[in-house]
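Excluded from the calculations below are hydrogen atoms, water molecules and symmetry mates; all remaining heavy atoms, backbone and side chain alike, are included.
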Amino acid sequence: MNKTRWQKAKKFIIDFYQETIRPGEEARARLEQVYREIEESGTYTHTFEELEYGAKLAWRNSNRCIGRLFWQTLQVFDERTAETALDVFSALERHVVFAYNDGKIRPAITIFRPDQQEQKIRIWNHQLLRYAGYEHAGDPHSRTLTEKCETLGWRGKGSDFDLLPWVVQIGSNPPVWQDVPKKCRVEVDLVHPDILAFKELELKWYAVPVISDMRLEIGGIDYQAAPFNGWYMGTEIGARNLADENRYNRLPAVADVIGLDTQYASSLWKDRALVELNVAVLYSFKQSGVTIVDHHTAARQHRIFEQNEEAAGRRATGDWTWLIPPVSPAATHIFHRTYNNTILSPNFFYQAAPYQ
């Protein structure tokens with residue numbers, strides 16, 4: 001008997017019935033069924049309702065996410081019957097098309113079979129849309145995966161914005177790759193509402209952030225392939241991806257376009273360039289009709305989430321170091337309060353990349 005899994009399963013099933021269905025005979029019968037399954041096979045199978053509830057709770061329990069107000073809107077796609085890499089690629093395409101929704105982005109998660117089953121499914125990509133990284137171009141964060149993709153036969157153009165292919169591995173079989181389908185290649189060219197020369201930087205970013213390398217744990221069951229998305233907060237692109245020195249490091253170029261003096265840090269040229277880069281990101285996404293949220297609005301939404309949790313008799317957990325936005329954090333309420341960073345279950349967890 002796998003006692004650890006049973007204890008996790010028991011807590012999850014009880015929580016499920018308490019929050020969704022009044023506890024009673026049905027809950028007791030389900031607990032007995034799960035106990036027998038674990039006793040006989042060491043594991044058990046979630047119903048779709050349990051899977052859906054668990055995925056939504058994993059988002060609600062994600063301490064680093066500022067967008068949890070919308071956890072109940074998560075669309076859950078059950079792809080546990082997917083067998084082949086082609087099945088997985090098809091499901092990923094459906095996910096991105098659904099999530100993009102002509103720019104009106106919808107939160108979604110696609111869940112493949114759990115790792116307790118044979119022939120585990122792993123998605124190599126950090127995000128389903130992500131740019132390649134080369135020695136002198138692209139996203140440094142993607143260098144290792146780019147090199148792995150090249151050993152598999154993929155070749156990019158060597159530009160700053162080559163979308164990496166999707167790479168899927170099933171069991172001990174060799175990984176299989178596929179270029180991102182055309183209908184999923186949704187990107188936004190970045191321009192500035194006031195600085196016309198900004199477009200000369202030729203910056204862009206993809207529209208939908210689909211995290212695809214985290215493990216989803218629900219009631220003692222691990223789903224190693226469960227890509228999920230929300231929509232972007234502007235600072236993720238404008239203050240991190242394009243600005244960080246170990247990423248695209250574009251602040252000097254932005255400062256040059258604006259005409260800032262970069263000789264002394266005390267001129268605050270980095271701050272001024274950072275703000276204008278974020279203005280461009282927000283403006284461009286909105287002009288393109290793609291959902292995005294600024295960090296001030298996101299913080300206010302998180303305050304409502306906190307209030308909702310309090311009203312439900314729960315104390316909102318959170319990781320303060322991640323919840324404060326990277327631009328003007330002290331202008332949000334998050335900066336001025338503390339959070340209990342207890343990790344609850346269900347939840348999403350980092351896992352080692354299968355190619356390392």
Side-chain angles (χ1 to χ4, degrees), residues 64 85 88-89 92-93 95-96 99-100 110 121-169 174-190 201-215 224-254 277 281 284-285 290 292 322 326 348-356:
R64 294 180 171 184
V88 176
F89 288 137
L92 298 182
E93 181 175 349
H95 181 129
V96 175
Y100 178 60
T110 297
I121 295 175
R122 289 297 306 272
I123 299 170
W124 281 25
N125 306 72
H126 168 56
Q127 295 185 21
L128 295 186
L129 300 176
R130 192 71 161 184
Y131 296 119
Y134 310 100
E135 185 175 358
H136 299 295
D139 191 343
H141 185 271
S142 300
R143 282 286 298 277
T144 301
L145 179 56
T146 300
E147 293 170 357
K148 295 295 183 180
C149 289
E150 289 174 337
T151 64
L152 297 176
W154 176 82
R155 291 293 180 273
K157 296 179 180 179
S159 78
D160 280 327
F161 301 104
D162 294 346
L163 285 171
L164 284 166
W166 290 341
V167 184
V168 169
Q169 186 170 18
V176 179
W177 65 270
Q178 172 188 290
D179 274 320
V180 177
K182 185 176 181 179
K183 65 175 66 174
C184 298
R185 292 173 172 265
V186 285
E187 299 169 277
V188 176
D189 294 322
L190 302 185
L201 297 175
E202 297 183 336
L203 300 178
K204 62 180 178 179
W205 205 256
Y206 48 89
V208 190
V210 188
I211 303 296
S212 51
D213 63 350
M214 295 188 76
R215 169 175 62 90
Q224 292 184 313
F228 61 92
N229 75 277
W231 48 76
Y232 267 118
M233 184 168 73
T235 54
E236 295 178 84
I237 303 169
R240 300 303 309 276
N241 299 341
L242 292 175
D244 282 358
E245 291 184 354
N246 62 348
R247 296 292 299 285
Y248 277 83
N249 191 27
R250 287 300 194 267
L251 287 187
V254 173
L277 179 52
V281 169
S284 301
F285 269 67
V290 177
I292 196 167
W322 275 68
F348 295 99
F349 297 92
Y350 294 107
Q351 56 185 344
Y355 52 84
Q356 292 180 332

**Student:** Check the pair T235, I237 against side chain to side chain contact (heavy atoms under 4.5 Å, CB included), reporting the backbone distance first and the verdict last.
**Tutor:** CA-CA 5 Å; T235 54; I237 303 169; over 6 Å; no
**Student:** Return the minimal non-hydrogen interatomic distance between P165 and C149, and the atom names on each side.
**Tutor:** CG-SG, 3.9 Å
**Student:** Kindly indicate, with the supporting measurements, whether the criterion side chain to side chain contact (heavy atoms under 4.5 Å, CB included) is fulfilled by R250 and L203.
**Tutor:** CA-CA 9 Å; R250 287 300 194 267; L203 300 178; 3.7 Å; yes
**Student:** Are side-chain heavy atoms of N241 and Y232 found at a separation under 4.5 Å?
**Tutor:**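 N241 vs Y232: side chains touch.
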**Student:** Taking the side chain from R130 and the backbone from L164, do they hold a donor-acceptor pair closer than 3.5 Å?
**Tutor:** no
**Student:** Could you check whether any side-chain heavy atom of D213 comes within less than 4.5 Å of a side-chain heavy atom of I123, counting everything from C-beta outward?
**Tutor:**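 Side-chain contact under 4.5 Å: no.
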**Student:** Do other residues, nucleotides or ligands put more than 12 heavy atoms under 6.0 Å from R64 CZ?
**Tutor:**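 Yes - once you tally the heavy atoms of other residues, nucleotides and ligands closer than 6.0 Å, there are more than 12.
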**Student:** Is there a side-chain contact between Q224 and I121, using heavy atoms and a 4.5 Å cut-off?
**Tutor:**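 With C-beta onward as the side chain, the pair stays apart.
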**Student:** What distance separates I292 CD1 from E236 CD, expressed to the nearest 0.5 Å?
**Tutor:**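 Going from CD1 on I292 over to CD on E236, the span is 8.5 Å.
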**Student:** Can you check whether P354's main-chain N or O pairs, donor with acceptor, with W124's side chain at less than 3.5 Å?
**Tutor:**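 Pair absent, no side-chain N/O of W124 close to backbone of P354.
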**Student:** Would you call V210 and N125 a side-chain contact if the rule is heavy atoms closer than 4.5 Å?
**Tutor:**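 Heavy-atom side-chain distance check fails, nothing below 4.5 Å.
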**Student:** Where do L92 and P227 come nearest, in terms of heavy atoms and distance?
**Tutor:**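 Closest heavy-atom pair between L92 and P227: CD2-CG, 3.8 Å.
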**Student:** Going by atom types alone, do H95 and N229 pair a side-chain donor with an acceptor below 3.5 Å?
**Tutor:**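 Yes, side-chain donor-acceptor contact under 3.5 Å.
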**Student:** Between F228 and M214, is any pair of side-chain heavy atoms under 4.5 Å apart?
**Tutor:** yes
**Student:** Has D244 got a side-chain atom pairing as donor or acceptor with N246's backbone, closer than 3.5 angstrom?
**Tutor:** no
**Student:** Supply the atom-to-atom distance E93 CD to K182 NZ, rounded to the nearest 0.5 angstrom.
**Tutor:**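 Result: 13.0 Å between the selected atoms.
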**Student:** Measure the spacing between CZ of R240 and CZ of R247 and express it to the nearest 0.5 Å.
**Tutor:**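 So the CZ of R240 and the CZ of R247 are separated by 8.0 Å.
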**Student:** Closest heavy-atom contact between G138 and D160?
**Tutor:** N-OD1, 2.8 Å
**Student:** Between W154 and D179, is there a side-chain heavy-atom distance shorter than 4.5 Å?
**Tutor:**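 Of all side-chain heavy-atom pairs linking W154 with D179, at least one is under 4.5 Å.
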**Student:** Is it the case that E150 and Y134 place a side-chain donor and acceptor less than 3.5 Å from each other?
**Tutor:** no
**Student:** Is the centre of the Y206 ring less than 6.0 Å from the centre of the F161 ring?
**Tutor:**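 Here the rings of F161 and Y206 have centres that are no less than 6.0 Å from each other.
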**Student:** If you draw a 6.0 Å radius around CD in E202, do more than 12 non-hydrogen atoms from other residues or ligands fall strictly inside?
**Tutor:**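 No.
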**Student:** Closest approach of L152 and V167, non-hydrogen atoms and distance?
**Tutor:**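 Scanning both residues completely, I find the closest heavy atoms to be CD1-CG1, 4.0 Å.
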**Student:** After noting the C-alpha distance and the side-chain angles of F89 and V176, does the key distance pass the side chain to side chain contact (heavy atoms under 4.5 Å, CB included) rule?
**Tutor:** CA-CA 10 Å; F89 288 137; V176 179; 3.9 Å; yes
**Student:** Do L163 and E187 have side chains that approach each other closer than 4.5 Å (heavy atoms only, starting at C-beta)?
**Tutor:**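 Counting from C-beta outward, L163 and E187 do come under 4.5 Å.
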**Student:** Nearest heavy-atom pair of P209 and W231: which atoms, and what distance?
**Tutor:** CG-C, 4.1 Å
**Student:** Check whether any side-chain heavy atom of L242 sits under 4.5 Å from a side-chain heavy atom of L190, and report yes or no.
**Tutor:** yes
**Student:** Nearest 0.5 Å please: distance from the CG atom of D189 over to the CZ atom of F285.
**Tutor:** 10.5 Å
**Student:** Of the non-hydrogen atoms in Y131 and K204, which two are nearest, and what is the gap between them?
**Tutor:** OH-CG, 4.1 Å
